[in-house]
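What follows is a set of notes on a single structure, which appears directly below.
For this chain, numbers begin at 1 and follow the sequence in order. Whatever order the structure lists ligands and atoms in, that order sets their numbers, starting from 1. Just so you know, these numbers use all the heavy atoms, side chains as well, and skip hydrogens, waters and symmetry mates. What you see is a predicted model, and the numbers here were worked out from it, not measured in a lab.
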Amino acid sequence: MATLQDQSSCFKRMPLIERYREFMPLTENSPIVSLLEGYTPLVRVDRLAGQISDKITLYVKFEGMNPTGSFKDRGMTMAISKAVEMGSKATICASTGNTAASAAAYSARAGLVCAVILPKGEVALGKVSQSMMHGAKVIAIDGNFDDALRIVREITDSYPITLVNSLNPFRIEGQKTGAFEICDDLGHQPTYHAIPVGNAGNITAYWAGYKAYKEAGRIDGLPRILGFQAAKSAPIVDGRPIPNPETIATAIRIGNPASWKQAEAARDESGGLIEKVTDEEITEAQKLLARTEGVFCEPASAASIAGVIKKAKEGFFTENCEVVCILTGHGLKDPERAKKICEPMIEMPADTNEVAKVMGLI
Ligand SMILES: *Cc1c(COP(=O)(O)O)cnc(C)c1O
């Protein structure tokens, strides 16, 4: 019988954690649970950069191109592989949606039972449908993400179920691969690395990834990390937990990030910053990117673009530099939001002349 490993490595693209095996906590016998994640496009966006600043060469890393449509797959392939190695039969996570979608998919791939705890009414449609489709037990609580995470921590303290939130150290290990890919694609580290910050696992993982690559001699310097939170969900910027975080960018609607200290360390060690952007700035950035470059990311992802636009307006980029924005998830995750912020479509009779008229041809 073919093993999971055989199934995933029969094509040219390798499982992500196999590709970067030397940096991953794998043993010879570790099973590898993969959907051939990673290898996401690093797209140079000159038209967008031209509207932002004449100093920056801008790239977007489109993590929406992962198997379940977000960067969470990078960590999940590692976390689920380890869960299988350790004999786990079940997984659980708290989620604003994307961790749940990824946990559900990778658990299905490994034959594990999966439960996901979501804040009721606050998860984008695409994400909920993924968790349901992959057969997870989907539990929506009357509470926010921080409440969901507390419940998941308490359950995994008492029952033999593997927690696959970014508190699981293997998630962070897998997510380091994003930094490796950027450096491999560019041939060096970028000057600035811009990233949305929610529970702060991803900023932690990227910084650890860049440091590991430098230590291994693959790059000769480190980028400065620019983290961005949504204005009314910005505990790190405000310096205190936010009991009722609000933002349309539901993936970063988090009031008490699990990796708070590590995010501050990434900011301070890299000589970077963590600041906030408003929902209006996020929405503008999401539309601008989609309209000038053909890349459709979800609202939370656009916080990285919104942040770079804001910093450019403040005159932050004074010398020529390379900026990489992480687009954490795909725009199709949240189609309802997209419909809300765009002009409605035109409905009309099936008549050529009428169509030509509304097109302004007649
Ligand atoms: C999870 C997620 C984030 C936030 O990442 P953290 O590691 O929690 O900081 C941002 N954007 C999207 C699309 C996400 O799914």
Should S70 be counted as touching ligand 1, given the test is an N or O pair under 3.5 Å?
-> no
Would one find an N or O of G201, backbone or side chain, under 3.5 Å from an N or O of ligand 1?
-> yes
Closer than 4.0 angstrom: is that true for some heavy atom of I203 and an atom of ligand 1?
-> no
Of the side chain and backbone of K333, name the one, both, or neither that has a heavy atom under 4.0 Å from an atom of ligand 1.
-> neither
Closest non-hydrogen contact found for P15 with L36 is N-CD2, 3.8 Å
Is the cationic atom of R19 (NZ for Lys, CZ for Arg) positioned less than 6.0 Å from the six-membered ring centroid of Y39 and within 45 degrees of its normal?
-> yes
Provide, to 0.1 Å, the distance between atom 1 (C) of ligand 1 and the closest protein heavy atom, together with that atom's residue and name.
-> K72 NZ, 1.4 Å
Anything under 30° is parallel, anything over 60° is perpendicular, the rest tilted; go ahead and classify H193 against Y206.
-> tilted
Which of the numbered atoms in ligand 1 are below 4.0 angstrom from a heavy atom of N199?
-> 6 (P), 8 (O), 9 (O)
Answer yes or no: are there more than 12 heavy-atom neighbours, outside K310 itself, under 6.0 Å from its atom NZ?
-> yes
Heavy atom of A200 under 4.0 Å from ligand 1?
-> yes
Does one side chain, of E122 or T250, offer a donor that lies under 3.5 Å from an acceptor on the other?
-> no
Taking both backbone and side-chain atoms of G198, is any N or O found less than 3.5 Å from an N or O belonging to ligand 1?
-> yes
Does an N or O anywhere in N202 fall below 3.5 Å from an N or O of ligand 1?
-> yes
Distance filter under 4.0 Å to T328 heavy atoms, resulting ligand 1 atoms | 10 (C), 11 (N), 12 (C), 13 (C)
Do the side-chain N and O atoms of R74 and T177 include a donor-acceptor pair separated by under 3.5 angstrom?
-> yes
Could you tell me which atoms of ligand 1, counted from 1 in the order shown, lie closer than 4.0 angstrom to a heavy atom of F71?
-> 1 (C), 2 (C), 3 (C), 5 (O), 7 (O), 14 (C)
Judged by modelled atom types alone, do N29 and E85 share a side-chain donor-acceptor pair under 3.5 Å?
-> no
Using 30° and 60° as the class limits, which term best fits the ring planes of Y213 and Y20: parallel, tilted or perpendicular?
-> perpendicular
Proximal candidate to atom 13 (C) of ligand 1 [heavy atom criterion; set E298, H330, Q175] | E298
